[in-house]
*Asks:* 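Let me begin by handing over the structure; questions about it come next.
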Number of protein chains: 2
Amino acid sequence: MSSDLTARARIRDAAIELFAERGIDGATVRDIAQQADVSSGLLRHHFGSKEGLRDACDEWALSELTKISGQFTEFNTLDGLTPRVQQLQRYLIRSTMDGSPTGAAMFDRMLEFGHQWLGTTELKVADPEAFVAVVAVMKMSLFTMRDLLSRALGSDVTEPVTWARMLQATLDLFSQPLITPEQALQARAALDRLTAGEEAS
Amino acid sequence: MSSDLTARARIRDAAIELFAERGIDGATVRDIAQQADVSSGLLRHHFGSKEGLRDACDEWALSELTKISGQFTEFNTLDGLTPRVQQLQRYLIRSTMDGSPTGAAMFDRMLEFGHQWLGTTELKVADPEAFVAVVAVMKMSLFTMRDLLSRALGSDVTEPVTWARMLQATLDLFSQPLITPEQALQARAALDRLTAGEEAS
DNA sequence: CTTCCGACTACACGCTTGTGCAGTAACCTA
DNA sequence: TAGGTTACTGCACAAGCGTGTAGTCGGAAG
C-alpha cells in the first residue's frame, strides 16, 4: 500500500501508527523499524534518536492536519474525519498526553479557539476557563478512549459507519440539556455547600 | 502518614499511586517497592508478580469504591469526591485503559447504569448504545486528562477548589444545549449526507 | 576510473526491566 | 527450647531497551 514511499516516510508512518496504538514508550524502535521494513539503524540515521523521531512525527502530524483543515483544532465540526485524519489526531493527542510540547501547543490552540467560539454563543458560563478546558478534553476523549468505545459499540470506531454513530451521539448530547433546571439548581447548591465547607476548614 | 500500615498494604497503596501517575508499564516494581519502603523481593513475595499486584490493586480499588458509594459508577453526581476517592477512580480508569478485565467490567457497569438513567429521562436519543458510551468516556476524560486540565486551569485539579471549578463547568455544560437547533439540524444533515455517500461507495 | 557521500545494515555495548532464588530474622506452636 | 511457617532482604539472571559504530552498497561528480 505505502511501499512505494521513501524509507524515511515509511518509518514516519509506521511510527505514527505504533505510537498512536501503544503509546510512545510502548512502541520500540525495533518494532517501528520492522513495521517500516528497514533496520533499526536506519531509523537512527534519519531521525537521530527515538525522541527525534517523535518530534518529527509531531511536527508532521500537525502540519498535515492544518493543511487539511486550516484551523483543524475546530473539531467542533466533527465530520469529515477520514480514518487517516482520525489516526493523525489520535497520534497527536497521545503524544500530547505523553508530554509533547507540540501537543501542548495544540491544546493551547484548542483552548484559544474554544474561548473564541464561546464568545459567539449566548451560553451562560460561570467559569469560561474551566468550561472551555472541560469541553476540550471531552472532545479529545473520543480519541483517547477509542478501544473502550469500540468495545461498547461492538465495532471499531475507525470504521466510518461506527464513527458516524458517535458523531450522531455527540450531536444528541450537545443539542439538548442532559439534566433539568431543577437538577442543575440542586447540584449547584450542593456544590456551593461543598466549597463553602472547604474554605471554612 | 501511612507508615503504620502493613507492609502489604503500603505496597498496594504505593502501587495504586504510581500506577495511576505513570501508567502500569511506566511504574517499575523497584519504584513501587522504594515508595513503600520495602525491598522489591517482598513485593514479589506478597503478590507473586507485577501482574498479580495489579490484579490485587484492581480488586481492592473496586471494592473500596463500591464500599464508599454503593453504586459508585454513578458519578453522574460528580460531587463528594475526596482526593482519595479521586485517586482510586483515576487508578481504576488508568488500569482499564491499559487492558484490565476488572476495569472493563467496571466500564460495562457504567454503561448499564447509563442506560438505566437514560430511561428515567425524556431525552431524544437516536442511538442509545452510542449515546451512553460517549457520555461515559467523556466523564472518564476528567480523570484521564488530569494533567492537561491542571495545566489549563493553572492549578492541580486534585485540589478540591479546582475540582469544584470543573464540576461547575460540567454542570454548565450538561444543563444547557451547546448548539442551537438550527446548527444541530444542519450538522445532522451533513452527517446523513456523509453516511449516505459511504454506503453508496 | 576514482572519489565521495548519503542510504542502509549488522552487531555490540550499557542500562533497566521483571523475575528467580538462596538466605536471614521474627514469631507462633508444641 | 526446638521446629516450622511466614515476613523480608540481597543478589544474580535473561531479556529487551535505546544507542553507538564500523562497514557495505550504489549512484553522482570530478
Side-chain angles (χ1 to χ4, degrees), chain A residues 1-60 91 94-95 97-103, chain B residues 1-60 91 94-95 97-103:
Chain A
M1 41 182 269
S2 61
S3 50
D4 55 339
L5 290 176
T6 320
R8 193 174 199 278
R10 284 208 314 276
I11 294 174
R12 196 221 306 115
D13 289 352
I16 287 182
E17 181 178 335
L18 293 186
F19 279 153
E21 192 122 358
R22 312 179 191 173
I24 306 295
D25 289 334
T28 73
V29 297
R30 285 172 175 84
D31 288 342
I32 296 171
Q34 187 173 17
Q35 173 93 3
D37 217 40
V38 298
S39 72
S40 67
L42 185 60
L43 190 149
R44 181 165 175 71
H45 172 67
H46 279 303
F47 299 96
S49 69
K50 188 181 184 180
E51 187 63 28
L53 173 59
R54 177 238 189 87
D55 290 343
C57 288
D58 279 354
E59 197 171 344
W60 195 77
Y91 162 77
R94 184 99 200 208
S95 182
M97 292 186 62
D98 290 12
S100 151
T102 306
Chain B
M1 42 180 271
S2 60
S3 49
D4 55 341
L5 290 178
T6 319
R8 193 176 199 279
R10 283 209 315 276
I11 293 174
R12 194 220 308 116
D13 288 353
I16 286 182
E17 180 179 335
L18 293 186
F19 279 155
E21 192 124 356
R22 311 178 192 173
I24 306 296
D25 289 335
T28 72
V29 297
R30 285 173 177 82
D31 288 341
I32 296 171
Q34 187 174 18
Q35 172 92 6
D37 217 39
V38 297
S39 72
S40 67
L42 185 60
L43 189 150
R44 179 163 177 69
H45 172 68
H46 278 303
F47 299 96
S49 70
K50 188 181 185 181
E51 187 64 26
L53 173 59
R54 177 238 189 87
D55 289 344
C57 289
D58 279 353
E59 197 172 345
W60 195 77
Y91 161 76
R94 185 99 199 206
S95 183
M97 291 186 62
D98 289 11
S100 148
T102 305

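Computed over heavy atoms, backbone and side chain alike; hydrogens, waters and symmetry mates excluded. Letters go in sequence order (proteins before strands), and every chain restarts at 1.
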*Asks:* Determine whether a donor-acceptor pair (N or O, by modelled atom type, separation under 3.5 Å) exists between the side chain of A/Arg54 and the backbone of A/Phe19.
*Replies:*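 Side chain of A/Arg54 to backbone of A/Phe19, a donor-acceptor pair under 3.5 Å: no, none is there.
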*Asks:* Going by side chain to side chain donor-acceptor pair (under 3.5 Å), name the residues that satisfy it together with A/Arg22, two or more places apart in sequence or in a different chain.
*Replies:*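 With neighbours one apart ignored, the set is A/Asp31.
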*Asks:* To the nearest 0.5 Å, how far apart are CG in B/Asp13 and CD in B/Glu17?
*Replies:*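 Between B/Asp13 CG and B/Glu17 CD, I get 8.5 Å after rounding to 0.5 Å.
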*Asks:* Give a yes or no answer on whether the side chain of B/Ser39 reaches the backbone of B/Leu42 with a donor-acceptor pair at less than 3.5 Å.
*Replies:*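 Present.
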*Asks:* Evaluate side chain to side chain contact (heavy atoms under 4.5 Å, CB included) for A/Val29 paired with A/Leu53, printing each intermediate quantity in order.
*Replies:* CA-CA 10 Å; A/Val29 297; A/Leu53 173 59; 5.8 Å; no
*Asks:* Please state how far atom CG in B/Leu18 lies from atom P in C/dG18, giving the value in whole angstrom units.
*Replies:*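 Answer to the nearest Å: 12 Å.
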*Asks:* Would the distance check show the side chain of A/Asp58 and the main-chain N or O of A/Thr102 forming a donor-acceptor pair, the cut-off being under 3.5 Å?
*Replies:*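 The answer is no, because no donor-acceptor pair under 3.5 Å joins these two groups.
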*Asks:* Hey, could you give me the CG/CD1 distance between A/Asp37 and A/Ile11, rounded to the nearest 0.5 Å?
*Replies:*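 Output value for this atom pair is 10.5 Å.
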*Asks:* For A/Ile32 and D/dC17, give me the distance from atom CD1 to atom P, rounded to whole Å.
*Replies:*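 Going from A/Ile32 (CD1) to D/dC17 (P), I get 11 Å.
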*Asks:* What string of B, S and - do you get for nucleotides 5-17 of chain C, 5' to 3', if B is base contact, S is sugar-phosphate-only contact and - is no contact with any protein heavy atom under 4.0 Å?
*Replies:* --BBBB-B----B
*Asks:* Between the protein and nucleotides 25-27 of chain D, which nitrogen or oxygen pairs are less than 3.5 angstrom apart?
*Replies:*
none

*Asks:* Locate the shortest heavy-atom distance separating B/Arg10 from B/Ala36; write the atom from each residue and the value.
*Replies:*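 Nearest heavy atoms, B/Arg10 then B/Ala36: NE-O, 2.9 Å.
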